[in-house]
Amino acid sequence: MSGSAVSGGQGVSVASAFAGMRSVAPVMFRAGCPDCRGRFELAASALRLAIGASSRTTFYSFTCPDCGAAVRKPAGERIVELLTGGGVRTLRLHSTL
């Protein structure tokens, strides 16, 4: 395969097709630890979001980079929107009846 694509008789090089693109900075989230009171920024990969059947069972979690504590905080609608939009991995919790 060559470095160009033909569409309607005109060739477009790969370089010109991607010329206007630029790299995107990873999304960072501000967080705090209730144990050590540390304040820090975490990448989306450091957070987990669990969506349950109610607001009481919807939360996000992470490990504090300062003290190593496992932190779990409630996530309302807006937090869920921000985390999912920022690429945080999501787990949907199902109730067992």
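Since we're looking at a predicted model, the values are computed, not measured.
- In this structure, Tyr60 and Ile79 have side chains that are in contact, with non-hydrogen atoms separated by less than 4.5 Å.
- Between the side chain of Thr84 and the backbone N or O of Glu81, at least one donor-acceptor pair lies under 3.5 Å.
- Contact check for Val80 versus Leu49: side-chain heavy atoms found under the 4.5 Å cut-off.
- Cluster annotation: Phe59 is connected to Leu91 through the hydrophobic network of ILVMFWY side chains, with a link wherever side-chain heavy atoms come within less than 4.5 Å.
- Closest non-hydrogen pair, Phe40 versus Asp66, comes out as CD2-OD2, 3.8 Å.
- Under the 4.5 Å side-chain criterion, counting only non-hydrogen atoms from C-beta, Ser55 is not in contact with Pro74.
- The heavy-atom pair separating Pro34 from Val71 by the smallest distance is CD-CG1, 3.8 Å.
- Nearest heavy-atom pair across Ala46 and Phe62 is O-CB, 3.5 Å.
- Judged by distance alone, with hydrogens and angles left aside, the side-chain atoms of Arg48 form a donor-acceptor pair with the main-chain N or O of Ser45 at under 3.5 Å.
- In terms of heavy-atom proximity, Thr63 sits nearest to Gly68 at CG2-O, 3.6 Å.
- Without hydrogens or angle criteria, Lys73 side chain to Gly32 main chain gives a donor-acceptor distance under 3.5 Å.
- Rounding to the nearest 0.5 angstrom, the gap separating the CD atom in Glu77 from the CG atom in Leu82 is 12.0 Å.
- Put simply, SG on Cys67 and CZ on Arg37 are 11.5 Å apart, with the number rounded to the nearest 0.5 Å.
- A single hydrophobic cluster is seen to contain both Leu42 and Leu83, as judged by linkage of ILVMFWY side chains at heavy-atom distances under 4.5 Å, directly or through other members.
- Phe29 and Gly86 get closest at one heavy-atom pair: CZ-CA, 3.9 Å.
- Here the closest heavy-atom approach between residue Asp35 and residue Ala69 is recorded as OD2-CB, 3.2 Å.
- With hydrogens and angles ignored, the 3.5 Å screen pairs a side-chain donor or acceptor of Thr90 with a backbone N or O of Val88.
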